[in-house]
Colleague: 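My structure is below; once you've seen it, I'll send some questions.
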Amino acid sequence: QVQLVESGGGLAQPGGSLRLSCAASGSIFSISYMGWYRQVPGKEREWVATFTSGGKTTYADSVKGRFTISRDSAKNTVYLQMSSLNPEDTAVYYCNALIAMNFRRTEYLQHWGQGTLVTVSA
């Protein structure tokens with residue numbers, strides 16, 4: 001009953017920028033936090049950034065100073081502005097959110113998007 005849909009992935013040159021979006025929809029009562037993870041084939045999924053309902057943002061050291069996470073609570077949407085991209089940022093990026101649904105308002109569950117591929121290459 002909840003969907004997370006990412007968009008904005010694609011090809012970027014080293015030093016370039018991309019902006020990812022993730023919109024949550026469905027029977028949503030409340031969203032605690034929204035964030036981003038990424039995964040390279042053959043490696044574990046790694047956390048990238050989080051935006052809490054209180055407005056706090058946190059970043060992995062590998063992206064700090066280059067990526068910016070923001071959130072539009074009215075639209076249940078989170079964004080990831082990625083700048084100064086390098087080939088090591090190439091990965092499938094997944095949206096993640098902790099959501100309570102209308103029919104079970106005291107229980108927050110994790111939800112994941114389907115992923116969007118970001119490729120950084122000259």
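Here the structure is a predicted model, which means the values were calculated and not measured.
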Colleague: Extract all donor-acceptor atom pairs below 3.5 Å that involve side chains of residues 8-30 and protein atoms in other chains or at least two apart in sequence.
Modeller:
{"unit_1": "Ser27", "atom_1": "OG", "unit_2": "Asn102", "atom_2": "ND2", "d": "3.3"}
{"unit_1": "Ser30", "atom_1": "OG", "unit_2": "Tyr108", "atom_2": "OH", "d": "2.9"}

Colleague: Are more than 12 heavy atoms from other residues, nucleotides or ligands located less than 6.0 Å from atom CD of Gln3?
Modeller: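 At most 12 heavy atoms, drawn from other residues, nucleotides or ligands, come within 6.0 Å of this atom.
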Colleague: Got a second to check how far Leu80's CG is from Arg38's CZ, nearest 0.5 Å?
Modeller: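 Between Leu80 CG and Arg38 CZ, I get 9.5 Å after rounding to 0.5 Å.
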Colleague: Within the side chain of Thr77, is there an N or O that forms a donor-acceptor pair under 3.5 Å with the backbone of Lys75?
Modeller: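 Yes.
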Colleague: Without swapping roles, check the side chain of Glu6 against the backbone of Gln114 for a donor-acceptor pair under 3.5 Å.
Modeller: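 At least one qualifying donor-acceptor pair exists.
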Colleague: Is a side-chain donor-acceptor pair under 3.5 Å present for Glu44 with Gln39?
Modeller: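 Their side chains do not contain a donor-acceptor pair, so the 3.5 Å distance test is not met.
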Colleague: In the hydrophobic clustering (ILVMFWY, side-chain contacts below 4.5 Å, transitive), which residues join Leu117, or is it alone?
Modeller: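 Its cluster partners, ordered by chain and number, are Tyr37, Trp47, Val92, Tyr94, Trp112.
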Colleague: Looking only at heavy atoms, which two atoms of Leu4 and Cys95 are closest? And how far apart?
Modeller: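 The answer is CD1-O, 3.8 Å.
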Colleague: Answer yes or no: does atom CD of Gln81 have more than 12 heavy-atom neighbours from other residues, nucleotides or ligands under 6.0 Å?
Modeller: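 Result for CD/Gln81: enclosed.
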Colleague: Mind checking what makes side chain to side chain contact (heavy atoms under 4.5 Å, CB included) contact with Ser70, not counting sequence neighbours?
Modeller: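 By the side chain to side chain contact (heavy atoms under 4.5 Å, CB included) rule, Ser70 matches Tyr79.
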Colleague: Looking at CG of Asp89 and OG of Ser84, how far apart are the two atoms once the value is rounded to the nearest 0.5 Å?
Modeller: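 The CG atom of Asp89 sits 9.5 Å away from the OG atom of Ser84.
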Colleague: Going through the checks in order, is the side chain to side chain contact (heavy atoms under 4.5 Å, CB included) test met by Arg71 and Ser53?
Modeller: CA-CA 9 Å; Arg71 179 174 167 180; Ser53 59; 4.3 Å; yes
Colleague: Scan Ile69, Val48, Thr50 and name whichever one has a side chain to side chain contact (heavy atoms under 4.5 Å, CB included) with Thr58.
Modeller: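 For Thr58, the side chain to side chain contact (heavy atoms under 4.5 Å, CB included) test succeeds with only one of Ile69, Val48, Thr50, which is Thr50.
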Colleague: Taking Met34 as the starting point, is it possible to reach Leu98 by hopping between hydrophobic residues whose side chains are less than 4.5 Å apart?
Modeller: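 Looking at the clustering, Met34 is in a separate group from Leu98.
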Colleague: To the nearest 0.5 Å, tell me how far Tyr33 OH sits from Ile99 CD1.
Modeller: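 Interatomic distance, Tyr33 OH to Ile99 CD1, rounded to 0.5 Å: 10.0 Å.
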Colleague: Indicate the atoms forming the closest heavy-atom contact of Arg66 with Leu85, along with that distance.
Modeller: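 Taking Arg66 first and Leu85 second, the nearest heavy atoms are NH1-CA, 3.9 Å.
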Colleague: With the side chain counted from C-beta on, respond yes when Val118 and Thr90 share a heavy-atom pair under 4.5 Å apart, and no when they do not.
Modeller: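 When only atoms from C-beta onward are counted, Thr90 and Val118 do not touch, as no gap falls below 4.5 Å.
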Colleague: Does the side chain of Phe51 reach to within under 4.5 Å of the side chain of Thr68, using non-hydrogen atoms?
Modeller: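 Side chain of Phe51 against side chain of Thr68, heavy atoms only: no contact under 4.5 Å found.
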Colleague: Roughly how far apart are Thr116 OG1 and Trp36 CH2, rounded to 0.5 Å?
Modeller: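 Answer for the OG1-CH2 pair, Thr116 versus Trp36, is 7.5 Å.
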Colleague: Can Asn96 and His111 be said to form a side chain to side chain contact (heavy atoms under 4.5 Å, CB included), step by step?
Modeller: CA-CA 6 Å; Asn96 170 258; His111 296 268; over 6 Å; no
